[in-house]
Structures are given as structure tokens and as C-alpha cells.
Amino acid sequence: MTARDTLLELDQVALHFGGLAAISDLSMTVHPGEVLAVIGPNGAGKTSMLNLVTRVFDATRGRILFKGQDIAALPRARIAHLGIARTFQNIELFDAASVLDNLLLGRHRFGAGAWWQQVLRTSALTRAEEAHREKVEEIIEFLELSAWRNARVAGLPYGVRKIVELGRALCSEPDVLFLDEPASGLNPEETRDLAFWIDDIRSDLGITVVMIEHDMALVGAVADRVICMAQGRVLAQGTAAQVQAHPDVIAAYLGT
Amino acid sequence: MRYDYHTRYRHGFALLRHRSDWIAYGLLALVLLAIPLFASTYLVGELGYVLILCVASMGLMVLTGFTGQVSLGHASFVAIGAYAHAWLMAQGVPFALSMPLAGLIAAAAGLVVGIPAIRVSGLYLAMVTLAFAIVVEQIIGMWRGVTGGFMGMLVETPRLMGYSLGAPRVFYYVCLFVAALVLLALANLMRSGIGRAFTGVRDSEAAAFSLGIEVNRVKIYAFGLSAGITGLAGALMAHHIGYLTPDAFTLLLSLDLVLMVVIGGIGSLRGAILGAVLISLLPNAVSALKALLPESVARQSGLEIFVAGLVLALFVLFEPTGLNGRWLKLRLLVETFPLYRRDTFRRQKAYMKSERNR
Ligand SMILES: Nc1ncnc2c1ncn2[C@@H]1O[C@H](COP(=O)(O)OP(=O)(O)OP(=O)(O)O)[C@@H](O)[C@H]1O
Ligand SMILES: [Mg+2]
């Protein structure tokens, strides 16, 4: 495999919380253009892996390479500017703001004009805001959020909030999108929509997707490749069927 | 009923979107401009003071309402603005230059206070800002060469191109001008990228980081901006008081500002103004009320503070969105009459209560 086939690489990464090793000696690669699913029992370290990539936590050891650049020591706010977007397991939206403002915040990395332009609301700034708005409207249309455009996030049903969070991540036009349990709390119909969207995100928008997910039906439907984690390391990887049939994986889920 | 039909995005951006908005705000502007022509000098002076508090309240709203950082020490920025302005004018700096400079000096102090906000929040931040205010009060008392210490310092009459702006009727217009300017600048800022970044930091730091917002820098900037605007209010306040002493800028003023922001409605400039109007008129209302009360009650000391506390408690209990929330409901009632349903806002509340399951 050549370097060009690797978008993101974790190289012998470890993360310790005091004495507890949430991640130990984890190595994995993300290839451009794929939908990669990460599965594993509770506490396997899936969210911790994502938090390492997005610099919420400092890795105790190891390298994290994005497009060949080591990002393991970058400031946390730089990550989005590289083209890495994410959602959160427990939904982190801007609750008091409207759906529109949440999505516009997704555009933050593309800039919003100098401060004095914002104070004076110059015509150049209005044009820039219109351009952001246009992109946001594309995402609203894509995710069928138009009914909620001006609603305050705090008043929205759970399923809609999850989609708004996905939309906000898409508004930042990332190269790779991490989804932390996108289907948890969704009803079967919403989950089916999600499967189509993830497929479109990869095929139409050209965004690589890494999805942490427990719902094996969804994983089987959309993932090109599956990695199973347990106790902070990779247990098995391959197609959904291969991983599910792997004896170590079965053992990990049965808790033996 | 009224629906928003926008054929271009920029129509949706406008501050005043409907003809009724233009009429309402136009009338308000006319009334504000005309007040000195018929009101008594005392009333004009008091209203000028209300406008000054509106500016200070908007300053704190930027920090607490939009960025979610508490401050129990904002009176110190009022004081810094007031003393800086009075001192600069005493050195011969012209009024029109001294005002913005005083704002900048207060902003610089705000940036310094903002640095601990990176590490602490909530109650701890409240304590840090409170401590800062106490230190500032002490410094003002000690630094006799500049501030006149506890003896105080006289503020020179404001002049613009040779004309005196000192008379209450004229100074009222100065206050109105500054308040309108600050309102417009902040309204523009808060609906643009910087305002969105502020609310982002307030509502979820984790998400703000993940979108590339420099959370720490935003907090410091918010402190600087907030302190700068509050300092501007302080510069105006210097002229309103005429003679500066440290006891004009105590914890009570800081608490009043917090009351304005909370009662007005967190996260709204309209709320900041409504809150400032209510809180600054409260003492007058209480003294008017005293005449009606039985003498044994009216003679109790601390009646003003009691009423202020009562109003705050009632708002927190029954109208957490503040005066601004009440205003929005009233407006919807008028617009949709007779279709308004009492529960229009209730569903949202129910969701908010169950929102987080972690
Ligand atoms: N901030 C933290 N401080 C201390 N320990 C932590 C922290 N975050 C995670 N852990 C621990 O690290 C381990 C891995 O947690 P992680 O959240 O990554 O699991 P997960 O695979 O995402 O599980 P789930 O499927 O439940 O979301 C757990 O034992 C957890 O208790
Ligand atoms: Mg997790």
C-alpha cells in the first residue's frame, strides 16, 4: 500500500488516564474515499480514539498522521482547518441558537470577514455571508432540514438534532468526517435515511467517513471496511461479515 | 398572521425586516430625540443616566449573555473608563478623542482579566472578577496623583469644537448618540461571524473547538470588547456624576448590571436595554410606591434592595427568558391575534427540560 492510499494513520498510539489505559498500542489507517466503521463493546476506546484525532486528549504515545503531517501536537482548534469534522456521542449543539446559526457556525473555518467589516456590515461582508448561506442551504436541502431552518435547537426532537449536528459537520466541507454513534436514538425510519445520506456523503460529496456504530445492520449496509476494537486496541478488521465471524470479536462481545 | 418571504438571502439578514418594524423603531427614535424639548431638566438628566446604563448593560451582555462568562466585577470597568476619561481630559486631551481612548484603556484591562477565564468558569470566574473589582477600587483609593484618592476628582465639562456639552439637555444627546452607536455596532457584530463564535463558545466549548473556533482567544476578546463598551459607559458616567470618588463604583453597581442582563434576557441586546430601563427606574418606582404604603413598611431601610431581589426572583421563577422573552410573546400575540395559542412556547420548554441525558 502506498502513502497516497492513506488519508489518516494512527501509529502505535496510546492514551492513559492515570493508571487506566483507554487506548494501548492502537494502529489503524483510513483510506481516502471509504466508509470505515469502528465497532466494539462499551469502553473499548472508540470515542477515545476519535478524541485523540480531534486533539481533545493528548496522546500518551504514538503518532497521528493526517495527509502525512503529524497532528498529535497541534492545537485543538487547528484540526477543523485541516479538514477533519466530527459529531459527538452525546450531541453537542449550540442549543440556544437556531438551526441556521448552528450550520453557519460550521462554516467558521472559511472565515467571516474582518472585525471592522462585521461592525460596519459592509457590502463585501453581506456578499460573503450570502455565499456561506448558500452552502448552508445546500446542506439543508440535502438533509431535508428546511422545516426546521429557523427553529431553536433546544426545542427540536432528538432525531432532528442528530441530523442538525451531522449537517453542521458537513457545512465545514471536511475531507474526513467522524460520526460517533450516529444512529443511536434514531428510529428505524431515520436510521434508513441516515444510511442513504452516509452513502451520498461518500459518493456525491466525496467525503471519507469514519463511523463509530453499534447498529450492525447499518454497518453492514454502508461500511466498506470494519474495524473492531476492544480494550484499546484493534481486534480484527475486514468486511462486516469477516469481522462479525472473527472468533476474537465474538469472544469480546460475549465478555470472555 | 405574518410570514417571512425572502426572495434573496440578504432580505433575511436585515435588522428591520418589516415595515411595522421600521415604523415602530422610527417612532421610538423620534420620541427619544424629542424628549429634551418638553421634559423637565431633572427627567432629562435621569433619562440620560438610563441611556448610560443601557450602554454598560449591553457591555456586560456581550460577555455574560452572548459568551456565557460571568462577571461580578463590571463596575471596575465603569470606574476605569470614568477615571481614564477624566484624567485624559484633565491632561488636555479633547473630549471626542478621550472618550474612545477611555474605552480602549478599559478594553485593555478587560483583556487582562480575560486571561484567567481560560482556566476557570462559573463560580470561580465570578470570584476572580469580584477580586479584580476590589483591587481596582483599592488602587483608585491609593493612587492619589491620578485619581485624587478618596478625596475624589473633578470632571471637566465636555466640549466639542468649542461648544459646551455639559448642560443636561445637550449631554442627553451625547448619551443617546453613544448608546445608538454601540447598539448598532453590537447588533451588526452579533449577527456576524464574531457573534456566532461567541454564542458557540457559550453553548458548547467542545463543539466550538471541533469547528475550529479558538475558544480561549474568543473568551479573551469577549472580555476585552465587553470591558471596552462598559468603559465607554464609564466615561459618560463621569460627566453625569461630575465628581468621581471610588464609592461610586462599588459591588452594588456590578450587581445591578448583572440584574439588568439576567432580567432583560440572556443573549439579547433588546434584553440588555429593557433590563437597564427597568432596573434604573426601579428606585424611582419604589419611592413613588412608598407614598402608598403604610408608614411602618415605607420607613424600612433597604426597601429598594428588597424589591430588586423580589423582581429578580420572580423573573427567574416565572420568566427565565427575561423581559425579552416576555416581549417576544407579546409581539406574537399581537401578530397572530386571535390565533395565538398559549402553548406556543411551552413545547420548547418541555424539550429543554429533558434535553440532556448524560
Ligand atoms: N475523560 C476520561 N477520563 C477518564 N477515563 C476516561 C475518560 N474518557 C474515557 N475514559 C475511559 O476510557 C475507556 C474508553 O472509553 P471510550 O469512551 O473511548 O469507550 P467507547 O468505546 O466509546 O464506549 P461506548 O461504546 O460506551 O461509547 C473507558 O474505560 C472510559 O471509562
Ligand atoms: Mg463512545
Side-chain angles (χ1 to χ4, degrees), chain A residues 54-56 75-82 84-97 100-102 104-109 111-113 115 117-121 125-134 137 150-158 161 165 168-169 171-172 185, chain B residues 4 6 8-15 65-66 68 181-182 184-218 221 225 266-268 321 345-358:
Chain A
T54 54
R55 297 288 296 116
V56 178
R76 195 171 163 189
R78 286 299 311 160
I79 296 302
H81 295 271
L82 301 176
I84 299 176
R86 68 171 292 183
T87 64
F88 294 81
Q89 191 166 347
N90 295 311
I91 306 190
E92 290 282 347
L93 281 169
F94 307 116
D95 277 349
L100 203 54
D101 278 339
N102 269 270
L104 279 169
L105 267 158
R107 306 285 305 159
H108 179 85
R109 77 176 177 113
W115 65 269
Q117 286 179 316
Q118 300 189 29
V119 169
L120 300 175
R121 198 79 189 180
L125 186 103
T126 306
R127 277 196 300 279
E129 289 277 302
E130 273 178 328
H132 285 317
R133 180 69 192 272
E134 216 165 288
E137 288 295 333
N150 292 310
R152 256 167 63 114
V153 163
L156 296 180
Y158 188 82
R161 291 153 139 260
E165 205 193 19
R168 186 181 65 188
C171 282
S172 73
Chain B
D4 286 330
H6 303 306
R8 303 193 59 185
Y9 294 138
R10 63 181 61 193
H11 296 163
F13 296 159
L15 281 178
F66 285 96
L181 216 61
V182 166
L184 232 109
L186 286 183
N188 276 343
L189 208 54
M190 290 306 127
R191 67 197 170 117
S192 307
I194 293 177
R196 288 196 292 267
F198 281 3
T199 48
V201 168
R202 176 192 66 194
D203 285 357
S204 167
E205 286 187 19
F209 269 121
S210 81
L211 297 174
I213 296 172
E214 308 261 6
V215 172
N216 298 340
R217 207 181 292 171
V218 165
Y221 286 167
L225 177 62
I266 288 292
S268 126
T321 52
F345 284 87
R346 181 158 301 163
R347 202 170 77 105
Q348 299 193 346
K349 260 191 205 161
Y351 272 116
M352 268 203 289
K353 276 185 187 138
S354 65
E355 75 189 306
R356 295 212 165 166
N357 46 2
R358 44 173 172 140

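Only this structure's heavy atoms are used, side chains among them; waters, hydrogens and symmetry mates stay out. Each chain gets a letter, A, B and so on, in the order the sequences are listed, and its residues count up from 1.
With a 4.5 Å cut-off on non-hydrogen atoms, A:I79 does not touch chain B at all. In this structure, chain B has no heavy atom under 4.5 Å from any part of A:A85. Contacts of A:E165 with chain B are absent, with no heavy-atom separation under 4.5 Å from either backbone or side chain. Proximity to chain B (any heavy atom under 4.5 Å) is shown, for A:T126, by both the backbone and the side chain. Contact of B:R202 with chain A is made through the side chain alone, with heavy-atom distances under 4.5 Å.
Atoms CD and CG, from A:Q117 and B:L189 in turn, are 12.0 Å apart once rounded to the nearest 0.5 Å. Put simply, CG on A:N102 and CG on B:D203 are 8.0 Å apart, with the number rounded to the nearest 0.5 Å. Between the CD atom of A:E129 and the CZ atom of B:R196 there is a distance of 4.5 Å, given to the nearest 0.5 Å.
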With a cut-off of 3.5 Å and sequence neighbours excluded, list every side-chain donor-acceptor pair involving residues 205-213 of chain B.
residue, atom, partner, partner atom, Å
B:E205, OE2, B:K219, NZ, 3.0
B:S210, OG, B:A207, O, 2.8

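The two atoms that bring B:S204 and A:L93 nearest to each other are CB-O, 3.9 Å, heavy atoms only.
Of the listed residues (A:T54, A:L82, A:L104), the one with the most heavy-atom contacts under 4.5 Å to chain B is A:L104. Chain B forms the most heavy-atom pairs under 4.5 Å with one residue out of A:R78, A:R109, A:E130, and that residue is A:E130. Top candidate by heavy-atom pairs under 4.5 Å with chain A, chosen from B:A185, B:S192, B:A187, is B:S192. Most heavy-atom pairs under 4.5 Å with chain B: of the set A:H132, A:H81, A:R55, this distinction falls to A:H81.
At least one donor-acceptor pair under 3.5 Å links the side chain of A:Q118 to the backbone N or O of B:G193.
Applying the side-chain contact (heavy atoms from CB on, under 4.5 Å) criterion to A:L120, with sequence neighbours excluded, gives A:W116, A:T122.
Other residues, nucleotides and ligands contribute only 12 or fewer heavy atoms inside 6.0 Å of the OH atom of B:Y221.
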